[in-house]
A.B. asks: 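My questions all concern the structure below.
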Amino acid sequence: MIKQEKYEELLPQMIAMIEGETNPVSVMANVAAALHEAFGWWWTGFYTVSGDQLELGPFQGPVACYRIKRGRGVCGTAWDRNETVIVPDVEQFPGHIACSSLSRSEIVVPMHDNEGNVVAVLDIDSKDLSTFDETDQQYLEEIVKAISKEVKWK
Ligand code: SME
């Protein structure tokens, strides 16, 4: 199945799963689990904004760093720029934070509260180069929007 078909099949299931639950940690945990299982990525999870740094949130995969400063690494950059960042080869990204030496490519998607502030990022790592493209960006942005719409951040 091509990637787009997989997302098309998964998206309504994800939205149904997200709807009706307002606890952000619970929803992020299930979204990380569902995405990780469907695509078999190396690491799938969330970092949440706390002051001037990101803190490790719900994830699937190997253990990861607890805190990332704003503007640092791929995650801190996506937060700072307030846009999705796709990295085809992490070794070519200045300041990439290697939580796992096996990660080769990465995508990070910012998530917003209903006032438009970045409250978390969805971070996905792959053991292969160039895993992520605009198709991933499009669907992952839809998924984080569905989360933002449903949960209560405070
Ligand atoms: N590589 C990320 C750090 C988080 S781990 O990938 C889970 C970064 O550079 O921000």
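Just the heavy atoms: all of them, side chains too, but no hydrogens, waters or symmetry mates, feed the values below. Read the numbers this way: they start at 1 and go in the same order the structure lists the ligands and their atoms.
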A.B. asks: Would you confirm whether T44, through its side chain, and A32, through its main-chain N or O, come within 3.5 Å as a donor-acceptor pair?
C.D. replies: no

A.B. asks: For ligand 1, which atoms sit closer than 4.0 Å to a heavy atom of W43?
C.D. replies: 7 (C)

A.B. asks: Evaluate the criterion side chain to side chain contact (heavy atoms under 4.5 Å, CB included) for residue pair C65 and I97; output intermediate values, then yes/no.
C.D. replies: CA-CA 9 Å; C65 7; I97 300 165; 3.8 Å; yes

A.B. asks: Name the closest protein heavy atom to atom 6 (O) of ligand 1, giving the residue it belongs to and the distance to 0.1 Å.
C.D. replies: D125 OD2, 2.7 Å

A.B. asks: What is the nearest protein non-hydrogen atom to atom 5 (S) of ligand 1, stated with its residue, atom name and distance?
C.D. replies: C99 SG, 3.2 Å

A.B. asks: May I ask you to identify, for T77, whether its side chain, its backbone, both or neither come under 4.0 Å of ligand 1 on a heavy-atom basis?
C.D. replies: neither

A.B. asks: Could you point out which residue of V85, D123, I68 forms a side chain to side chain contact (heavy atoms under 4.5 Å, CB included) with V74?
C.D. replies: V85

A.B. asks: Near H96, which atoms of ligand 1 are under 4.0 Å from a heavy atom of that residue?
C.D. replies: 1 (N), 9 (O)

A.B. asks: Less than 4.0 Å is my threshold; does some heavy atom of F59 fall inside it relative to ligand 1?
C.D. replies: no

A.B. asks: If we only count N/O pairs under 3.5 Å, is C75 in contact with ligand 1?
C.D. replies: yes

A.B. asks: When you measure from the side chain of S148 to the backbone N and O of H112, does any donor-acceptor pair fall under 3.5 Å?
C.D. replies: yes

A.B. asks: Only heavy atoms of Y47, strictly under 4.0 Å: list the atoms of ligand 1 that pass.
C.D. replies: 4 (C), 7 (C)

A.B. asks: With respect to atom 3 (C) of ligand 1, which of I97, V90, V108 exhibits the smallest heavy-atom separation?
C.D. replies: I97

A.B. asks: Just go through V74, L56, L54 and tell me whose heavy atom is the nearest to atom 8 (C) of ligand 1.
C.D. replies: V74

A.B. asks: As a test of understanding, state which of E9, K3, M1 forms a side chain to side chain contact (heavy atoms under 4.5 Å, CB included) with E5.
C.D. replies: M1

A.B. asks: Take the angle between the ring planes of Y7 and F39 and call it parallel below 30°, perpendicular above 60°, tilted in between.
C.D. replies: tilted

A.B. asks: Apply the side chain to side chain contact (heavy atoms under 4.5 Å, CB included) test between I18 and each candidate in V151, N30, V31; give the one that qualifies.
C.D. replies: V31

A.B. asks: Any N or O of E106 that comes nearer than 3.5 Å to an N or O of ligand 1?
C.D. replies: yes

A.B. asks: Which residue supplies the protein heavy atom nearest to atom 4 (C) of ligand 1, what is that atom called, and how far is it?
C.D. replies: D123 OD2, 3.3 Å

A.B. asks: Can a salt bridge be assigned to the pair R70 and D80 using a cut-off of 4.0 Å between side-chain N and carboxylate O?
C.D. replies: yes

